[in-house]
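The figures that follow rest on heavy atoms only: side chains count, while hydrogens, waters and symmetry mates do not. In what follows, chains are A, B, ... by sequence order, proteins preceding strands, each numbered from 1. Please read these numbers as outputs of a predicted model, since none were measured by experiment.
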There are 2 protein chains.
Amino acid sequence: MDTRSAILEHAERAARQKGHNGFSFGHIARDVGIRKASMFHHFPTKPDLLVAVFARYSQRFYGWFDGMDQSKANGATRLAAYLAETRATIEDGESICLSIALCVDRDALNEQLIDDVKEFQARNMIWLTEAFARGQVDGSVSGISDPESEAMACLAQVDGAIVMSRLHKDTSYFDRALAQLRLRLS
Amino acid sequence: MDTRSAILEHAERAARQKGHNGFSFGHIARDVGIRKASMFHHFPTKPDLLVAVFARYSQRFYGWFDGMDQSKANGATRLAAYLAETRATIEDGESICLSIALCVDRDALNEQLIDDVKEFQARNMIWLTEAFARGQVDGSVSGISDPESEAMACLAQVDGAIVMSRLHKDTSYFDRALAQLRLRLS
DNA sequence: GTCTATAATTAGATAGAC
DNA sequence: GTCTATCTAATTATAGAC
């Protein structure tokens, strides 16, 4: 792996485990195995690094959305896959979603990064709304009144479930927080 | 107000706006209007300060729980009051719940503080479970199968809603994320 | 209880050699 | 692209005077 990618990889891990203010160029350099000064060749400032890390992170999700959109899966299958994907990214409660970490340290971010996180959340909302709408039409998800309200509630529930799992370093909290929603997927 | 209380007040605000790693003794000293060195007379270390801040924060909630428990309010009224109380504490999306901020910066906390946050979450769960159970019995909350699952989902949903509000600095995100739950309260 | 002064460490960089 | 060396500012403290 090239150095730039190694930096991005370790920086994402660090941000998701310790938050934006919880790691430094020095830490990442040590992880990657280079000197601190060499970091600045790849990323001139910490904001630059963060923007690149989040772009890479969000692109993975956007790619996943696109892949799913091309499948013929029904609403319930899509939502179940979303929950499984989200659960997988937090490992054993060691990490959280990068966008949550950045929300908490919001005051330290530059405007571009805040906009990027907002867009990430908006695209999650759009995808979830579409999945709930599909589940309403095809009958695979029970008890839906308004797909957009469902999407908003679901996104919040997932984010909160991730935070709870992080506190206990235990993914079963994620499962219990989402148990009710899962029961509605046939 | 005495100096110690002023320090606790400003430190809580800072932790909830910038996260555990986002503020220093220097910042708080400036806010309070004393010199940095004077901070250490009141709180020898940053972990000591954080434990005291969280104790004060959680006690306010525990007191609120006790007050509510002595009322004759039905399940729905209790849950609506919980949502209103939570919403009020985040102001205009400028702050988040202290326990969320600490969860994200979990790696920087000492063991006592982690245990304190766990207890806080457990007590929220107990109170919410009781409120949902009440709502199930008195019929004031619709569609309850298992009160404990409901409590877990609700707590996650509230936490996620707070994070979303923080990103946009807009409490309407909180309202929209909780709209469905509110509709179930009669 | 608050202050000045200071120390050790770290963070975010920059300059310039290789 | 990576390194050593260096810089400035901030952070978490400690010592000791008032």
- When B/D107 is tested against each of A/K18, A/R166, A/R16, A/R13 for salt bridge (charged side-chain N to carboxylate O under 4.0 Å, His left out), which residue passes? A/R166
- Note on the structure: So, with a heavy-atom separation below 4.0 Å from DNA chain C, the residues of residues 2-15 of chain A are none
- Do any N or O atoms from the side chain of A/T45 and from the backbone of A/D48 form a donor-acceptor pair under 3.5 angstrom? yes
- Task: Ignoring hydrogens and angles, tell me if any N or O in the side chain of B/D146 forms a donor-acceptor pair with the backbone of B/S149 under 3.5 Å.
- Result: yes
- Note on the structure: For A/I7 and A/F43, the nearest pair of non-hydrogen atoms, with its separation, is CG2-CE1, 3.6 Å
- Task: Could you tell me whether A/F61 and A/W127 have their ring centroids closer than 6.0 angstrom?
- Result: no
- Query: Can you tell me how far the SG atom of B/C103 sits from the CG atom of B/L98, to the nearest 0.5 Å?
  - Reply: 9.5 Å
- Message: One pair to check against side chain to side chain donor-acceptor pair (under 3.5 Å): A/S38 and A/H41. What are the steps and the verdict?
- Response: CA-CA 5 Å; A/S38 308; A/H41 171 73; over 6 Å; no
Can you see if the side chain of [X] gets near the phosphate of [N] - specifically, an N or O under 4.0 Å from OP1 or OP2?
| X | N | result |
| --- | --- | --- |
| B/H41 | C/dT2 | no |
| B/S38 | C/dG1 | no |
| A/H27 | C/dT10 | no |

- Message: Within the 3.5 Å criterion, strictly below it, is a donor on A/Q17 or A/E94 matched to an acceptor on the partner's side chain?
- Response: no
Could you tell me the separation between the [atom1] atom of [X] and the [atom2] atom of [N], rounded to a whole number of Å?
| X | N | atom1 | atom2 | answer |
| --- | --- | --- | --- | --- |
| B/M39 | C/dC3 | CE | P | 12 Å |
| B/K18 | D/dA10 | NZ | P | 13 Å |
| A/R35 | D/dC3 | CZ | C1' | 8 Å |

- Protein heavy-atom contacts under 4.0 Å, written 5' to 3' over nucleotides 12-18 of chain D as B (base), S (sugar-phosphate only) or - (none), form the string BBB----
